Amino acid sequence: ATMIEWDPNQRIILHVDLDAFFASVEVRRNPDLRGKPIIVGGTSNRGVVSTASYEAREFGVHSAMPIWEARRRCPHGIFLPVDGPAYAEYSARAREILARFSPRMDPASIDEAYLDVTGSIRLFGGLEALLARIKSDIREELGITISIGCAPNRLVAKMASDWDKPDGLSIVLPEELPERLFGLPVGVIPGVGGVTREKLAQMGVTTIGQLARVPLTLLERHFGKHGTYLHRAAHGRDEGVVPYYEPGDDDRKQISREETLAQDTRDPEVLEQRLLALSEEVVRRLRRRGQFARTITLKVKLSNFRLFTRSETLPVATDLEDDIFAHAREMMAKVRFGAQRARLIGVGVSNLTDEATANQLSLFAEAEDRREE
Ligand code: TTP
Ligand code: MG
């Protein structure tokens, strides 16, 4: 067997995407459907297609197409309603399986996830063995095929998982970047839709290679901060980390901790001490996920059960306990207790990002934008 030699200074990131997800679940639940053109999205002609099996795609049926159009293109198709709870269950089981392969796992949507397997490959006997194992575990336990993109970062892994669908595997070695992307159309870059594509075409840019040669300043002039992203994407660069998976914080949009006090109090010293402990907890979770927060929320429930919540959004994302505690304490000072005491207090963070600098950069770009206006 050939062994892939991966530059030890580079991360190994996977993007896993389940094939024809809703349709695959339907086939799994009713094997008679295997090999047939399945269209999920409802049986009435007024709806749209959620997804189609690969057999139905041969007829030109795809997601977001009106059902009546799908019926016209594929009159012998099997049209099924959307069964949300069933897909959610398969999605949860897929996450559970994927979490075996790395503690850094980010479920990005109902049927896709990022994994940072840099630290796992030795445990699984090499990268090829690990990739084969992910595919076989999901196939055997869920009866669904997946496509994997493997690359030094999230962005390229996401693009690569699309190259060989269904049941695909595309590996982009660190030394193949950025040239491996140059022949592809700009539309395969996540976030590049019709409008951006059209604007780029007017600049004579249709491939990623052409995009990579456009000076950064020119892209920023035309697209603002999106231009910064386009430039980095064309060069196959992306520093985003895969956070640690926490089944508890599943929606990944916020982290919060609260406690009911041993006894109701408005003693600032006691409140500050509890606030500090809660801030520490929140920061620990934030750091474990490799994230930074911009919004800090304080929650105080009074003895009469009245609830106060106050939020503050910082100009720059932070993962520092001092920052989070200081802002929570300031907000605490503004709570009007009246004759009441505090019964419960909580600290939360939201507006989470993977990079502290991301917001600094975007603020900068926004300031630029305003100056130009
Ligand atoms: P996708 O991963 O985009 O599509 P897919 O899994 O069906 O097919 P592929 O093999 O190309 O990955 O989306 C996942 C599920 O999300 C899909 O099965 C149904 C749902 N979905 C919609 O309901 N509407 C849409 O427009 C899209 C794109 C997806
Ligand atoms: Mg999919």
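Computed from heavy atoms alone, side chains included, the values below leave out hydrogens, waters and symmetry copies. All values reported here derive from a predicted model rather than from experimental measurement. Every number for a ligand or one of its atoms is a count from 1 in the order of the listing.
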Close residues, ligand 1: non-hydrogen atom nearer than 4.0 Å: D17, L18, D19, A20, F21, F22, S50, T51, Y54, R57, S63, D111, K165
Parallel, tilted or perpendicular: rings of H235 and H231 (30°, 60°): tilted
Cation-pi geometry met for K299 and F308 (6.0 Å, 45°): no
Within 45° cone and under 6.0 Å: R93 NZ/CZ vs Y90 ring: yes
Side-chain donor/acceptor of S102 to backbone N/O of L115, under 3.5 Å: no
Residues that R287 engages under side-chain contact (heavy atoms from CB on, under 4.5 Å), provided they are two or more places apart: V283, D319, L320
Closer than 2.8 Å to the Mg ion (ligand 2) - protein N, O or S atoms, ordered by chain and residue number: D17 OD1, L18 O, D111 OD2
By ring pair (Phe, Tyr, Trp, His ring centres under 6.0 Å) - contacts of H15 (at least two apart): Y114
Side chain to side chain, L261 and R343, heavy atoms closer than 4.5 Å: no
E69 and R73 ion-paired at < 4.0 Å: yes
Validation row: L98, I138 side chains within 4.5 angstrom (heavy atoms): yes
